[in-house]
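Worksheet: one structure, shown below.
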Amino acid sequence: METIVRQDILELLKEALKLLSEENPNVNELKNLSNRTVHNASIFQDEDSISFAILMYSLSKVIERAGEYVDYDKLIASLSCAAKALEKDQGLQYRVCTAATFDIVRSTDGTYKQYIQDVMMQAAVKKGSAVYAHGISAARTAELLGISLWELQSYLSATEVPEDDVDATSVRQRLALTRRLFE
Amino acid sequence: MTHIILDSGPVITHSLNGILWLFDTVKDHFGITFSITESVKHEIIDHPLAGKRFKLEAMQVMQLMRKGTIDVLDDPRIDEMTKEMLALANSCYFARGKPLQLVHYAEMSAIAAFLLRKADVVMIDERTTRYLFENPDKLRHVLEHKLHTKIDLDKATLLKLRKMAKGIAFTRSAEFAAVCFEKKLLDPLLPKIPKAKENLLDALLWAIKLNGCAISNKDLETLARLVQK
């Protein structure tokens, strides 16, 4: 794991633990944590930055909808394990703890099983749109996040992707080129 | 005979907007042929067929393939060239000393297919691949701005890549649909409302933009103004 990735995730994990220890965890703050590894996810395209972003976003949505069914003690223990592993620079152990955290989220009350599956997919698509907005190509982004390009493109229709003012080639030139194809 | 290589994006864009039939109509009226590579096919067909969502859309694209409207290029030379170009493309830009893996195999395969088959254009909606070949400095600027970090460019590698892709030409779903509009191929959709043509063009271009074609609001307005109604 890149040092900067490890340091960033560790800092964010500590913030997440503080939030989860509160009586009513602030889900918006949790969501914000999920945005803060997107830069690293775009640059290093590492599994850890990406899975952390998905985990935090998923957690925020699950708590928002089914907070009363979440086992906070188990969650905090699992994330603390992840934090300790990062402090000791134990990447493999960190991933084991993160995988366990995902399992805890998935095992939240059976009624919400489908919702949680949907949430995790949505989290991957949403973070994917952020990575795409950072300049990584659409297909590469879909590959990184483990989603299909169809999912990514259809999500883009529901969201405002920050865009450049004008394209690399002028519209006039591109239109002229395209018109010639029909001659 | 005009030959257009399609990247995954335009096929998805047309499908999500219910205008896949445009490829049929353009082929019938203008004799334009459309091709995709195996890896593009994998993205737009094989992947969704394995799931539930977009399975029907994938089957609609398969119908176009069965009819011969979209050919699948099965050529080992495409794979060879794709690998070489992909390695170069993903070694051009560096952030914090690391090469940025910007583009995907399927996207590069469309470029390779264009070059090997001497096609007329690659239709590609996503911006990173287009910028890489058309305006690499702009891509660097975009990356620096979005990633908030200095981006270094390996000019020698970039030059090698651009030399390989000499003559590359790109279009997008937006311009393609705009010309289809000009040629009256979308007239069956004209509604019985005031300013029908303007409304149809507006609806068409916005639908294409919102379903994944990277075109800015400013460029979209310019395109709408330039289109002959």
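These values consider heavy atoms only, across backbone and side chains, with no hydrogens, waters or symmetry-generated copies. Per chain, numbering begins at 1; letters A, B, ... match sequence-line order.
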Do any N or O atoms from the side chain of [X] and from the backbone of [Y] form a donor-acceptor pair under 3.5 angstrom?
X: B:Thr2; Y: A:Leu181; value: yes
X: A:Arg179; Y: B:Val179; value: no
X: A:Gln45; Y: B:Leu100; value: no
X: A:Trp150; Y: B:Ile44; value: yes
X: B:Thr128; Y: A:Gly135; value: yes

*With side chain to side chain contact (heavy atoms under 4.5 Å, CB included) as the test, would you mind laying out the steps for A:Phe44 and B:Arg96 before giving the verdict?*
CA-CA 9 Å; A:Phe44 299 107; B:Arg96 300 183 198 171; 3.7 Å; yes
At a heavy-atom distance under 4.5 Å, which candidate from [options] has the highest pair count against chain A?
options: B:Val26, B:Thr13, B:Leu147; result: B:Leu147
options: B:Pro48, B:Gly51, B:Ala106, B:Ala178; result: B:Pro48
options: B:Glu43, B:His29, B:Lys183; result: B:Glu43
options: B:His145, B:His47, B:Lys98, B:Gln101; result: B:Gln101
options: B:Leu139, B:Leu16, B:Thr222; result: B:Leu16
options: B:Arg130, B:Met123, B:His141; result: B:Arg130

| said: Taking the basic N atoms (NZ, or NE/NH1/NH2) and the acidic carboxylate oxygens, is any pair closer than 4.0 Å for B:Glu134 and A:Arg174? | reply: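 Salt bridge: yes.
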Quick one: [atom1] on [X] to [atom2] on [Y], what's the gap to the nearest 0.5 Å?
X: A:Thr178; Y: B:Ile4; atom1: OG1; atom2: CD1; result: 8.0 Å
X: B:Asp7; Y: A:Leu149; atom1: CG; atom2: CG; result: 7.5 Å
X: A:Ser148; Y: B:Leu49; atom1: OG; atom2: CG; result: 11.5 Å
X: A:Ile136; Y: B:His104; atom1: CD1; atom2: NE2; result: 13.0 Å

Contacting region of [X] [heavy-atom separation from chain A under 4.5 Å]:
X: B:Ala95; value: both
X: B:Leu102; value: both
X: B:Ala174; value: neither
X: B:Phe176; value: both
X: B:Gln228; value: both
X: B:Thr149; value: side chain
X: B:Arg172; value: both
X: B:Glu57; value: both
X: B:Glu107; value: side chain

For [X], look at atom [atom1] and say whether over 12 heavy atoms of other residues, nucleotides or ligands are found less than 6.0 Å away.
X: A:Lys74; atom1: NZ; result: no
X: B:Leu56; atom1: CG; result: yes
X: A:Lys84; atom1: NZ; result: no
X: B:His3; atom1: NE2; result: yes

Beyond-backbone contact of [X] with [Y], side-chain heavy atoms, under 4.5 angstrom:
X: A:Leu177; Y: B:Phe170; answer: no
X: B:Lys146; Y: A:Ser42; answer: no
X: B:Glu126; Y: A:Tyr132; answer: yes
X: A:Glu143; Y: B:Tyr105; answer: no

### Shortest non-hydrogen separation from B:Asn211 to A:Gln153 and the atoms involved
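The answer is O-NE2, 2.8 Å.
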Between A:Leu144 and chain B, with a heavy-atom cut-off of 4.5 Å, which part of the residue counts as in contact: side chain, backbone, both or neither?
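Contact with chain B involves no heavy atom of A:Leu144 at all.
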Given that the side chain runs from C-beta out, which part of A:Ile43 has a heavy atom under 4.5 Å from chain B: side chain, backbone, both or neither?
->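 For A:Ile43, backbone and side chain are both near chain B.
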Selection from A:His134, A:Glu2, A:Glu183 maximising heavy-atom pairs under 4.5 Å formed with chain B: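 Most heavy-atom pairs within the cutoff with chain B belong to A:His134.
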Using salt bridge (charged side-chain N to carboxylate O under 4.0 Å, His left out), reason through A:Arg172 and B:Glu175 one step at a time and then give a plain yes or no.
CA-CA 10 Å; A:Arg172 191 179 290 273; B:Glu175 283 82 7; over 6 Å; no
Problem set entry | A:Ser137 and B:Thr129: side chain donor to acceptor below 3.5 Å |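 Looking only at side-chain atoms, B:Thr129 and A:Ser137 do not form any donor-acceptor pair under 3.5 Å.
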